[in-house]
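Here, residue 1 is the first one in the sequence, and each next residue gets the next number. This is a predicted model, so every value here is computed, not measured.
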Amino acid sequence: MNADVAVENTSAIALWNDPTAPVSARVDALIDAMTLEEKTAQLFGVWVGASDEGGEVAPHQHEMEEPVDLDALLPTGLGQLTRPFGTVPVDPALGALSLARTQARIAATNRFGIPALAHDECLAGFAAWGATAYPVPLSWGATFDPALVREMAEAIGRDMRSVGVHQGLAPVLDVVRDARWGRVEETIGEDPYLVGTIGTAYVQGLESAGIVATLKHFAGYSASRAGRNLAPTSMGPRERADVLLPPFEMAIREGGARSVMNAYTDTDGVPSAADEALLTGLLRDTWDFDGTVVADYFAIAFLKTLHGVAADWADAAGTALRAGIDVELPNVKTYGAPLTEAVADGRVPEALVDRAVRRVLTQKVALGLLDPDWNPLPAALDATDEDDPSALRGRIDLDGPANRALARTLAEQAIVLLSNDGTLPLDRPRRIALIGPNADEPTAVLGCYSFPQHIGVRHPDTPLGIELPTLRETLAAEFPDAEITYARGTGVDDGDLSGLAEATRLAREADVTLVVLGDRAGLFGRGTSGEGCDVATLALPGAQQQLLDALLDVETPVVTVLLAGRPYALGRGVGESAAIVQSFFPGEEGTRAIAGVLAGRVNPSGRLPVSVPRGPGSQPGTYLGAPLAHASEVSSIDPTPAFAFGHGLSYTRFEWTDLAVEAQEAPTDGEFALSLTVCNTGERSGTEVVQLYLHDPVASVVPPVQRLIGYSRLALEPREARRLRITIPADLASFTGRDGRRVVEPGELELRLSASSADPRLTARVTLTGAERHVDHARRLHATILQEPTT
């Protein structure tokens, strides 16, 4: 396969192909040589599906777009290939060959030899047939373990690069503001510091593997009114600055993310895709972001069709380009002929096209796509593989033992034990009644952006491509001597009550009942959780609460297990369940992890990344609220959660002692130093998660009661103790003041060392002294937490 393309100057290598020349010089030379049509061609993608026979990709016929004529498009070039693996089931090796052949055609057809940049989804693993389905991001948050998430992301990135993909559309850095929103499963949690640290770790892992990480959705998507997908966002600039923007800021500054995707929503009437102050003023001018901004799918067209701020396609293109969107995805709609014509007749300055194409080409140069030795064949293939494509089938394994082991470790660390009266771990039960709609459902562990749930459901005759043992199967392996009886009881959301009698009969005859409840992931109403699957309340879907209540009426102890994409109110289950095990779509190894927790083989160490509500209707609610957002005498609604953010139990016990504060006072440009000892006082090894919250009693604006500013996981053997030494810069006390600037104010603070947002164990009362101090995006973002063994 030869990607060499003739250029006008045949006596020497063209400047844009010279890897020894500065990137800026290469890009400038190329832009100077391009026509307007060739420049705009770099600013859009084409949605394709790889061929399962190894032939070239075929354009995806999406219901929202007209068919694309590749023969007509390719002579001027092509910016991106949209989801070659995440569109139809395709063997990974044959998909890689299909993509390589298409890239060779693209490069050979345009006169500069520029290939496309290929992107795919990777929200819970590479969204390709046969690739590992890792836990969803809400489970990443539950681990409170950035290092493990980084390791997972690096593995995902390696798999993507091996088959020729360059860009991944992840992570989602939206902070949960209303758990009724369907995309909660895609988020990392309700706290900006947790979202920022875990999301940044994911970015670092993906980027270290050579994949362009794409931060989404910038900004405000998760704060839509009533948790409705794409609904308008109501917030002041201070809430946006202090809650929704910090994760993006951190992931750009510390993660090195090279791409950002806009949010669909409008904030106070301004759609993100048209928000120049956001996409250019803040993102580029203030934060110095120099990567690409890509449109969420169809977002530019939505400026005309949904938002009504553009009169026609050319107006939509000019508005988005001016705001700062460089690439239209998934297909060409506005950045093709409408944009070219608008530039030609003077409605859109060509300088805006040049600005965007410079960013796109700079990224392609950095990826080596314009180097003379560029080869369309990815690392997993070689030149001989073209000769017999049929021999490739099964050659590439995207779900190998190392991936599965990593998926299991992450699933185990993400499981949260919410309550336990001593029933868990189960001690060799003789008879187990296994009840519930998710007890024997293979896909109950998967989120809506996993390949089987996102794409596979449209191809029911195609095998899943990965092993998905049900909880029924893994419990049989975990408890080989137990008799396990099973009843579905009811469906996830069908409201069917006909199975309750059988379920309660089995419960009466058992030593313990395991009831497995939760969600079915899907898109746009096909599930109870996922994109477009918003809910009116946080009551369990369908008749699941009736099933739970019926089982609680039986004298047999009930262990409630949740496989879900959001937190749910459990009614009587909160106080009457013998134990509650919460899992957020834990991926392909999830049921083995849950079985391990139930048996005690795994000591649970997950912590809640979102609060679990006490009642189904007290939304929106988050621990990150001002005093009047919490329970008070002035409202009859009590939003206090059943289980607070950061909560999680263990099968061992931990004691926190010996708090020491080096100095009670520090200047507003200084820092505090604390230390404490944490000891495992139980009889088995376990992991404690120390969480550091800041409470500001008096401030110039109304602050949240407390907010997370640091955390640390401690794995301790029985009777082992460790000393934590914590340095807390004054910058962490900063917030957006009345004038819109971030300020550190003098005054008293409480630094709460807590096991959850509702469980402070030790509190240091300190004081910031001196004058007010303004800080910016270069401020310190983290406390330093060091673990030292004790003697």
Kindly confirm or rule out a cation-pi arrangement of Lys216 over Tyr264, judged by NZ or CZ under 6.0 Å from the six-membered ring centre and within 45° of its axis? no

For the OG1 atom of Thr784 and the CD1 atom of Ile728, what is their distance to the nearest 0.5 Å? 9.5 Å

Please report the C-alpha distance between Leu244 and Ser222 in whole Å, then the side-chain angles of each, then the deciding distance to 0.1 Å, and finally whether the side-chain contact (heavy atoms from CB on, under 4.5 Å) criterion is met. CA-CA 9 Å; Leu244 298 180; Ser222 59; 4.0 Å; yes

Arg240/Asp275 salt bridge by N-O under 4.0 Å criterion: yes

One thing to verify: whether Arg780 and Glu671 come together as a salt bridge, which I'm taking to mean a side-chain N less than 4.0 angstrom from a carboxylate O. yes

Matching residue for Tyr193 among Arg707, His782, Gln691 - test: side-chain hydrogen bond (donor to acceptor under 3.5 Å, both in side chains): His782

Look at Arg177 together with Glu190 and state whether they make a salt bridge at an N to O cut-off of under 4.0 Å. no

Between Ser685 and Asn603, is there a side-chain heavy-atom distance shorter than 4.5 Å? no

Do you see a donor-acceptor pair shorter than 3.5 Å between the side chains of Arg614 and Thr640? no

Does any non-hydrogen side-chain atom of Tyr623 lie less than 4.5 Å from one of Tyr693? yes

Any salt bridge linking Asp242 with Arg742? Criterion: basic side-chain nitrogen under 4.0 Å from a carboxylate oxygen. yes

Check: Asp696 and Phe735 side chains under 4.5 Å, non-hydrogen atoms: yes

Any side-chain heavy atom of Tyr711 sitting closer than 4.5 Å to one from Leu692? no

Taking only Lys NZ, Arg NE, NH1 and NH2, and the carboxylate oxygens of Asp or Glu, determine whether Glu254 and Arg150 approach each other closer than 4.0 Å. no

Check: Thr560 main-chain N/O paired with Ser577 side-chain donor or acceptor under 3.5 Å: no

In this structure, which one of Val149, Ile188, Val195 forms a side-chain contact (heavy atoms from CB on, under 4.5 Å) with Pro137? Ile188

Donor-acceptor pair, distance only, cut-off 3.5 Å: does the side chain of Thr197 make one with the backbone of Leu194? yes

With Leu283, which of Leu215, Leu245, Ile252, Asp288 fulfils side-chain contact (heavy atoms from CB on, under 4.5 Å)? Ile252

Give a yes or no on whether a salt bridge exists between Arg779 and Glu249, defined as a side-chain N under 4.0 angstrom from a carboxylate O. yes

Kindly assign one of parallel, tilted or perpendicular to the pair Phe643 and His647, based on the angle between their ring planes and the thresholds 30° and 60°. parallel

When you look at Ser700 and Arg738, which way does the side-chain hydrogen bond (donor to acceptor under 3.5 Å, both in side chains) test go after all the steps? CA-CA 7 Å; Ser700 57; Arg738 295 187 184 188; 5.0 Å; no

Quick one: does Leu624's side chain get under 4.5 Å of Val243's, heavy atoms only? yes

Glu788 bridged to Arg725 by N-O distance under 4.0 Å: yes

State whether Glu185 and Arg183 are salt-bridged, where the test is any N-O pair (Lys NZ or Arg NE/NH1/NH2 against Asp/Glu carboxylate O) under 4.0 Å. no

Under 4.0 Å between a Lys/Arg side-chain N and an Asp/Glu carboxylate O for Glu655 and Arg761? no

Residue Asp290 excluded, over 12 heavy atoms near CG under 6.0 Å: no

